Amino acid sequence: MWGGRFERGPAEIMEEINASIAFDQRLYAQDIAASKAHARMLATRQIISQADADAISAGLDRIKGEIDQGSFTFSRSLEDIHMNVESRLKELVGEAAGRLHTARSRNDQVATDFRLWVRDEIDNLDRALAAFQKALVAQAAKHTDTIMPGFTHLQIAQPVTFGHHLLAYVEMAARDRARFAAARVRANENPLGAAALAGTSFPVDRKQTTKDLGFAEPMRNSLDAVSARDFALEFLGAAAICATNLSRLADEIVLWCSPGFRFVRLTDAYTTGSSIMPQKRNPDAAELVRAKCARVTGALVTLLGVMKGLPLTYAKDMQEDKEAVFDGADSLALSVAAMTGMVEDLEADKTAMRRAAGEGFSTATDLADWLVRALKKPFREAHHITGRIVAMAEARGSKLEDLSLKELQSVEPGITAEALKVLSLDAAVASRTSFGGTAPENVKAQVKYWQEQLK
Ligand code: ARG
């Protein structure tokens, strides 16, 4: 393709390090779509004949079919997807194929293909994340008043509802989707027509290819168009954050499945057995989602490293963008799908959750709040009194709600029988009615809100 002034072929090792066809063949559909748009535009602007454009377009359709069916032979000596397609086009349509690359370079071509690919991937991920949210909301709807311990420092803090806990992840996924949507806006600009780096002397119509490929605008600066990869960085940034959010739920599922918790049970569909310990039911999928987060983050760090300090415009370094983006995207897509499956699959153990919520004096804050409300104590003093009551319960090995009124009054004589009522888990949860709080009535309203949003 560029051999005019070369006398000999590349060294074997040169070919190996230079070729990207092993991974960039994933761009074939985008490459062919962009080439068809380019050929159409060249014909409209009478840069090539309509007959050549038609031959090119038909040849490209045929190549697409061959690759779809797996009958296309990729060749490493042809380096990348762009040259593999063009070389086959030459076999199919002859001389016309050589006119396709008029007013174009692989630099704007690869930038265009890659933007189209990232845009498609964002659309796929958005659908997958919506399905994940729906699975969470469906579980939350079943557990608007299922009591579980809420944790801080992984210490039992205050009782909450399981539905409320699950909806926290729905909120996170909503922000993930918004981050991808924002990344999509900036990916969706058209670099085609920037040619190698400086633009072209041919009278191209960049608005036409922009419209044809569904981009929002042609990129304004040709140097920027061929050298920008921040769209891919943004995509990986959103992906890394999303994978990080998923890893937190994955870790909770691992904890919840463990004998110390037993909050949820996964069926055979999402667990594996042990080859030596017959009693085991391991949450492998959750563990793998937890670990895949590292790969997605690694992909982001890889591309940040590739781009750092890279002078304008295109440099071959940038060929290293693709494997990072593909691996990050694949790892995330698999993680979202696995999490959706696990959320649909899991069954909550209400008894175990309630039992755990009753431990650790989780309603102590409610007693302190009561002292503030009923006895007009300053919160700090109420906190102190409650602390002494907790110490007393701890010393006797009993729960807060099992202390008698007399015992409570031995610490604070003003306490009345009314105080006993706030010590129950149900009362504690039901009282948290502030907007965003865990009261079942709030959670029911939030489930409705999300069911509406996700319709
Ligand atoms: N395979 C190359 C890449 O992924 C395509 C662009 C090649 N451009 C060039 N000037 N050698 O970056």
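Since we're looking at a predicted model, the values are computed, not measured.
A donor-acceptor contact closer than 3.5 angstrom is absent between the side chains of Q158 and S362. Side-chain atoms of E401 and S424 include no donor-acceptor pair closer than 3.5 Å. Side-chain contact of T209 with N190: a donor-acceptor pair under 3.5 Å is present, judged by distance alone.
Judged purely by atom type and a 3.5 angstrom limit, E189 has no side-chain atom pairing as donor or acceptor with the backbone of M219. Judged by distance alone, the side chain of R229 and the main-chain N or O of M307 form no donor-acceptor pair under 3.5 Å. Under the 3.5 Å distance criterion, the side-chain polar atoms of S222 are matched with a main-chain donor or acceptor of L197. Formation of a donor-acceptor pair under 3.5 Å by the D80 side chain with backbone atoms of M83 is found in this model. Without hydrogens or angle criteria, D108 side chain to G193 main chain gives a donor-acceptor distance under 3.5 Å.
Salt-bridge check for E79 with K316: passed, with a basic side-chain N closer than 4.0 Å to an acidic carboxylate O. In this structure, D61 does not pair ionically with K64, as no charged nitrogen and carboxylate oxygen lie closer than 4.0 Å. A salt bridge links D366 with R432: at least one charged nitrogen is closer than 4.0 Å to a carboxylate oxygen. Classification of R62 and E66 as a salt-bridged pair holds, one side-chain N sitting under 4.0 Å from a carboxylate O.
Atom CD1 of I17 sits in a sparse spot, with 12 or fewer heavy atoms from other residues, nucleotides or ligands closer than 6.0 Å. For CD of E347, the number of neighbouring non-hydrogen atoms (other residues, nucleotides, ligands) closer than 6.0 Å is 12 at most.
Judged as a side-chain contact (heavy atoms from CB on, under 4.5 Å), and not counting sequence neighbours, the contacts of R177 are D126, L129, A130, Q133, L454.
The cationic atom of R115 (NZ for Lys, CZ for Arg) lies less than 6.0 Å from the six-membered ring centre of F231 and within 45° of the ring axis.
Results of the ring pair (Phe, Tyr, Trp, His ring centres under 6.0 Å) test with F162 over Y169, W256, F263 single out W256 as the only residue that passes. Of the residues listed (D426, D145, D349), the one engaging R354 in a salt bridge (charged side-chain N to carboxylate O under 4.0 Å, His left out) is D426, and it is the only one.
Not less than 6.0 angstrom separates the ring centroid of Y28 from the ring centroid of W117.
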